Asks: 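First, the structure itself, so that you have it in front of you.
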4 protein chains.
Amino acid sequence: MKAAVFIQPGRIELVDKPIPDVGPNDALVRITTTTLCGTDVHILKGEYPVAPGLTVGHEPVGIIEKLGSSVVGYREGQRVIAGAICPNFNSYAAQDGVPSQDGSYLVESGRCACHGYKATAGWRFGNLIDGTQAEYVLVPDAQANLAPIPDGLSDEQVLMCPDIMSTGFKGAENANIRIGDSVAIFAQGPIGLCATAGARLLGASTIIAIDGNSHRLDIARGMGADVTLNFRECDVIEEILKLTGGRGVDASIEALGTQSTFETALRVLKPGGTLSSLGVYSEDLTIPLSAFAAGLGDHRINTALCPGGKERMRRLLNIVASGRVDLGPLVSHEYRLDDIVAAYDLFANQRDNVLKVAIKPH
Amino acid sequence: MKAAVFIQPGRIELVDKPIPDVGPNDALVRITTTTLCGTDVHILKGEYPVAPGLTVGHEPVGIIEKLGSSVVGYREGQRVIAGAICPNFNSYAAQDGVPSQDGSYLVESGRCACHGYKATAGWRFGNLIDGTQAEYVLVPDAQANLAPIPDGLSDEQVLMCPDIMSTGFKGAENANIRIGDSVAIFAQGPIGLCATAGARLLGASTIIAIDGNSHRLDIARGMGADVTLNFRECDVIEEILKLTGGRGVDASIEALGTQSTFETALRVLKPGGTLSSLGVYSEDLTIPLSAFAAGLGDHRINTALCPGGKERMRRLLNIVASGRVDLGPLVSHEYRLDDIVAAYDLFANQRDNVLKVAIKPH
Amino acid sequence: MKAAVFIQPGRIELVDKPIPDVGPNDALVRITTTTLCGTDVHILKGEYPVAPGLTVGHEPVGIIEKLGSSVVGYREGQRVIAGAICPNFNSYAAQDGVPSQDGSYLVESGRCACHGYKATAGWRFGNLIDGTQAEYVLVPDAQANLAPIPDGLSDEQVLMCPDIMSTGFKGAENANIRIGDSVAIFAQGPIGLCATAGARLLGASTIIAIDGNSHRLDIARGMGADVTLNFRECDVIEEILKLTGGRGVDASIEALGTQSTFETALRVLKPGGTLSSLGVYSEDLTIPLSAFAAGLGDHRINTALCPGGKERMRRLLNIVASGRVDLGPLVSHEYRLDDIVAAYDLFANQRDNVLKVAIKPH
Amino acid sequence: MKAAVFIQPGRIELVDKPIPDVGPNDALVRITTTTLCGTDVHILKGEYPVAPGLTVGHEPVGIIEKLGSSVVGYREGQRVIAGAICPNFNSYAAQDGVPSQDGSYLVESGRCACHGYKATAGWRFGNLIDGTQAEYVLVPDAQANLAPIPDGLSDEQVLMCPDIMSTGFKGAENANIRIGDSVAIFAQGPIGLCATAGARLLGASTIIAIDGNSHRLDIARGMGADVTLNFRECDVIEEILKLTGGRGVDASIEALGTQSTFETALRVLKPGGTLSSLGVYSEDLTIPLSAFAAGLGDHRINTALCPGGKERMRRLLNIVASGRVDLGPLVSHEYRLDDIVAAYDLFANQRDNVLKVAIKPH
């Protein structure tokens, strides 16, 4: 089968690989659509290390080709997705409430003596095992991770569920939003847009979306933002204080991963408010004393990795099926798997107002 | 009446002041015992600014001398305490769940246009209004803040309730402790010791207390620590990983306010764990990327200011009355109000294994 | 001033009363609009006892006529509302998280030795003190309870905030709704309709509204119901199981107060689900063993009384101002205060598809 | 192997059965100690139906005899326990937060079309599959359910973990206990005693244990009760109101399963309080209107089935290992498996102050 693999920093290429064998708890899924993620670009650039030869990609939409002998309740030929994070739900970490941090696979495969908790190790596709930018993907712990696609939904409609939607919504959930809250979302890339949609879904009454790209701010309004602020055109802190009557927002969501967005997210927060952080940071963060009330402000800072598992996927698919949220506008481009190198080039360079690229292996 | 007032950096002195008038929602309390706090030392040194002439101190134990005309359900002559934080519970911030951050007093007195939320402004005694290191103190919003002392409890037994116990216990509450958790508490000064007692009270099964002072570690064992670590004698991170089977602690509590304790508290935390921060920091904090899983570790960082109000005090007084926790060992010294300058000297210089000093105005 | 008072069972009449005096913590509000509530009908019929001569009504929209000497931050002439529940936020019950159950007023006025907690005693207007169906109402603890109306909102737009909207939304909040939940709401009177709107606001993806009145079911669809079921035309339990793939709903909301709705709400609930109860029951309830898994189903039953206070009102007013929810369709009729006896007659007999009646004193 | 099986109502007998085969996700455990539960007595009496021929018992302490091919991280010969509830953690119900209600086994084995949620179906041992009162037991989903016993703990010390301790502690957890709460626990059989210990562990300051058996009340004091009330000797409601200053308890825990205990638990509860129900009821329950404030008291009623899984067991084992709670006094008798019929006779008739009986197969 064809698979996009990491060769070395700067090179992801399409190669031929054998279709994997199916163990008792696995499922083989024929990919019909997958996509590229910002993380994949970090891998491409060598900023996030993976093993050379690994198939990249972590957002599977497809059809069950073959089920392991212990996997029940599914049928071959069924359309399914699986979360970008596909943990072992039998693990200590999953039973402890943090499946995304399950490192049991690493322990069991002898790759780490991490005692079952390893930050981000619930993310396996395209990180620890072969991923989804291929004709087929092997889904481990399939009983816990395969989620049937409701009738009538297209691949494109559900393509955001495995990662972007689950992550963005988690950002809103982690913000402790209550009815009538004001919420500021910093950065309106695909994850920030999903966080905006999530804040709307959870009852915030003043949703402020911030970005420097007016195209993305237009889409943010469609996702539920009441107000958009272009940081190139205004003083964001001043505007947010004005919008909240001087009180600060009840919650802010960081969806980029920089010191600047993190710090501003803290500065606009009321005492007692919650900063929900989604970004992947690439250097140490500084918490300025003044923005933090010297540690006495009853602030909360919550971080998250994308939740996975079939129940999470089922809920997100229901949201899509109900029409509550339409993430269609996020799929801006489509490429064949054969042209994935070109797709990476477009996406990594953020040309042509690209948001998300659908990749079609067949 | 005699009152200890801030004169200028380096000088807190006993002066004579008029006994304050009592408004309709106030109560005048004759202080029988109060104490010194680390914050008072910051004020003394000029590191935390207050108005010259302000009476310092924020931990009142005493007897109601006079009640305002609108205050009901109390009687003159009754023994009471009030929280170090005595907010206006009618405020937006209090109704929003963060009374300690209530800035309505500042708005109403024309001292700030802060719209009702102002970090730490629920702390009024010895900060925004005259405090408790005096013969009498005026308690504002007395209906919300006066808490009767149960029969049979001495001043010394309840002296920690207004601040240290409420703060330390909040640190344990903010740590999201569940039955069977492992918890590490960094620094075993009075607040850290109370956090240790609080973690014990909330069902942690492995409580690890860390300090560099062996006298304090001895007391920590009495407060409920299962293990004590002297950071001068071992590698704290290594020891904690060993004690938790490589997993990291479920929660860590920072009770000092330095980069070093904050950072270590984060480094020993499992993915998915909670860092409960109590310290008053004096400079910007750094969150090291590696300790934070680049923002993807499902970590929580919670800060707090001491909770106040008569219901909080009632609960803490019940804990003392039930014998669950004995904070007697924390009161290491006693001084007369007349000798408060000497008491500050002892306390500020941490001589003679001082923990807390009882001050007796009468 | 004119005031509608309870005379005896079957008789509420308009009488003349003196305009009340204003104490230091009170505010006198000139009512511009108020409404009738189902509870008022219970009072009228003598099913809920109040003192003869008491002014009834508990939903104030009006203008500040006079402020008590201790009330700050408002101005006479300002448009305000106050919650139907206007508790003393200085009380133990309020500080303990249940202001609606604050009985301190009863203790203080010598009417009850209830130690500060008395079920429903946070409800004072038209229950324990003179209410809002009058030209003026005296708002106690005004600092905690007066909520300014945002510019541009009409009386009718905010008339539901004090009671119906706060109660219905609390029903949705108490249902522990998570993203993607299925929720069934039993009865679509004004409170049930608000609960439907609240469930929509909180992220449910399958909202099922049940009633026997097709007019109300039409309105329910406008409030956010995905599916409506007329219990006169189908087997509700069977339909709900079908709609949820046999799983049962994640949460059900009871908004009527009968054995039948309560029991059905429990029977359609998944194991692990939450029944949020809003109804005022008039007889003992039975929990059928089979619907309750003999007590082993990880079920939750939560009850609530309408939340009050200015911060709650502020949030609801924000929801209205943001356009998230339009409760205009609930105000089906308007009467002058002079004609209130006729309004009661219409409302008590549920004629003419009445939902809520606006009452205009001036 | 020898196994105690249900024959017909009134008859549980020791029979010979083949040692079960081990599938890829199973583990075979040689039982070293197990115990009898009240549920087993219901089975014996025919009040709770199970299939004739089923091996009864659900509390395994033993040694791994053989591991399935997919089960990793354990070794044969290792001492382990498993929860009475041993769910499939890959299921929708488990991922949805209620593993005890997982009915996926029933769906997969074709025994029920319950769509994956079935009340109590997470309980498999001695209910849906062969149980633990035998020489060997087959543990399904072993990767999720096997919990190693810490060195140095005896079988008797950990025998309560699989069921009684997990259930009783869950009763305390479900009571929403906060620091300084008053809690009343109704019935002090083994589960009630564990709930008492759990309430102590979670920070309650006034723990009131109620029973009619003075021997059990003596043990309750050892488990942490501050006050014990013998309902044969006092008016429980009156006493509890006196003990709480007229306020009612913050939480009550029902640990028997009768109308009388449930109703009293509700009558002593403050408005805003939580009733945590653990009992297995055998008839419809009545909620008296007066005890329930007609549905307006902000009450919570939470039910639970024993939590299982290896992480839950790990935490309970840690509590035992830490010495926080000593449940040794609950094991009042010991019998050989050969004498299990006599053990049932003693236990079912509650002779000789029996609490729990250790059963030794080898």
Side-chain angles (χ1 to χ4, degrees), chain C residues 48 92-93 96-98 100-103 113-123 170 174 178 241 244-248 250 254 257 262 270-273 275 277-307, chain D residues 48 92-93 96-98 100-103 113-123 170 174 178 241 244-248 250 254 257 262 270-273 275 277-307:
Chain C
Y48 185 97
Y92 287 106
D96 194 24
V98 282
S100 299
Q101 313 296 336
D102 160 38
C114 60
H115 306 269
Y117 282 71
K118 175 78 178 174
T120 77
W123 170 32
K170 179 69 179 177
N174 257 0
R178 291 178 295 162
L241 288 177
T244 57
R247 183 175 179 259
D250 296 290
E254 199 287 341
F262 177 85
K270 73 171 184 190
L275 192 171
S277 170
L278 290 175
V280 186
Y281 299 93
S282 51
E283 49 190 6
D284 293 354
L285 272 180
T286 297
I287 303 182
L289 195 63
S290 60
F292 196 50
L296 298 175
D298 279 310
H299 291 115
R300 268 135 184 66
I301 300 175
N302 295 335
T303 70
L305 181 62
C306 176
Chain D
Y48 185 97
Y92 286 105
D96 193 24
V98 283
S100 299
Q101 312 297 336
D102 160 38
C114 61
H115 306 269
Y117 282 71
K118 175 78 177 175
T120 78
W123 170 32
K170 179 68 178 179
N174 257 0
R178 291 178 296 161
L241 288 177
T244 57
R247 184 174 178 260
D250 295 291
E254 200 286 340
F262 177 84
K270 75 172 183 189
L275 193 171
S277 170
L278 291 175
V280 186
Y281 300 93
S282 52
E283 49 189 7
D284 292 354
L285 271 180
T286 297
I287 303 182
L289 194 64
S290 61
F292 195 50
L296 298 176
D298 278 310
H299 290 115
R300 267 133 185 68
I301 299 175
N302 295 335
T303 71
L305 181 61
C306 176

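On a predicted model such as this, the values are computed, not experimentally measured, just so you know.
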Asks: Heavy-atom distance under 4.5 Å to chain D: side chain of C/F292, backbone, both or neither?
Replies: side chain
Asks: Show, in sequence, the C-alpha distance, side-chain angles and deciding distance for C/I301 and D/H299, and conclude whether the side chain to side chain contact (heavy atoms under 4.5 Å, CB included) test is met.
Replies: CA-CA 8 Å; C/I301 300 175; D/H299 290 115; over 6 Å; no
Asks: Sort C/C114 into side chain, backbone, both or neither according to what part of it lies under 4.5 angstrom from a heavy atom of chain D.
Replies: backbone
Asks: Between atom NE2 of D/H115 and atom CG of C/L241, what is the distance when rounded to the nearest 0.5 Å?
Replies: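 Nearest 0.5 Å value for the NE2-CG distance: 8.0 Å.
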Asks: Look up atom CG in C/L289 and atom CG in D/L285, then write down how far apart they are to the nearest 0.5 Å.
Replies: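 C/L289 CG to D/L285 CG: 7.5 Å, rounded to 0.5 Å.
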Asks: Taking side chain as everything from C-beta outward and backbone as N, CA, C, O, which of these in D/D96 sits under 4.5 Å from a heavy atom of chain C? Side chain, backbone, both or neither.
Replies: both
Asks: Pick from D/G272, D/G245, D/S100, D/A293: which one has the most heavy-atom pairs with chain C under 4.5 Å?
Replies: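 The answer is D/G245.
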Asks: Check each atom of D/T244 against the heavy atoms of chain C and say whether the ones under 4.5 Å are side chain, backbone, both or neither.
Replies: neither
Asks: Could you tell me which portion of C/L275 (side chain, backbone, both or neither) has an atom closer than 4.5 angstrom to a non-hydrogen atom of chain D?
Replies: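 For C/L275, no heavy atom lies under 4.5 Å from chain D.
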Asks: Go through D/P271, D/G116, D/C306, D/S282 and name the one with the most non-hydrogen pairs under 4.5 angstrom from chain C.
Replies: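 If we count pairs closer than 4.5 Å to chain C, D/P271 comes out on top.
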Asks: Do you know which of D/S277, D/G246, D/G279 has the most heavy-atom pairs with chain C at a distance under 4.5 angstrom?
Replies: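 The option with the most such pairs is D/G246.
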Asks: May I ask you to name which of C/W123, C/F262, C/Y281 has the most heavy-atom pairs under 4.5 Å with chain D?
Replies: C/Y281
Asks: Would C/K170 and D/D298 pass as an ion pair if we require N to O under 4.0 Å?
Replies: no
Asks: Among D/T303, D/L305, D/L278, who wins on heavy-atom pairs under 4.5 Å with chain C?
Replies: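 Looking at each option in turn, the highest pair count goes to D/T303.
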Asks: So which residue, C/T120, C/T286, C/L296, ends up with the most heavy-atom pairs under 4.5 Å with chain D?
Replies: C/L296
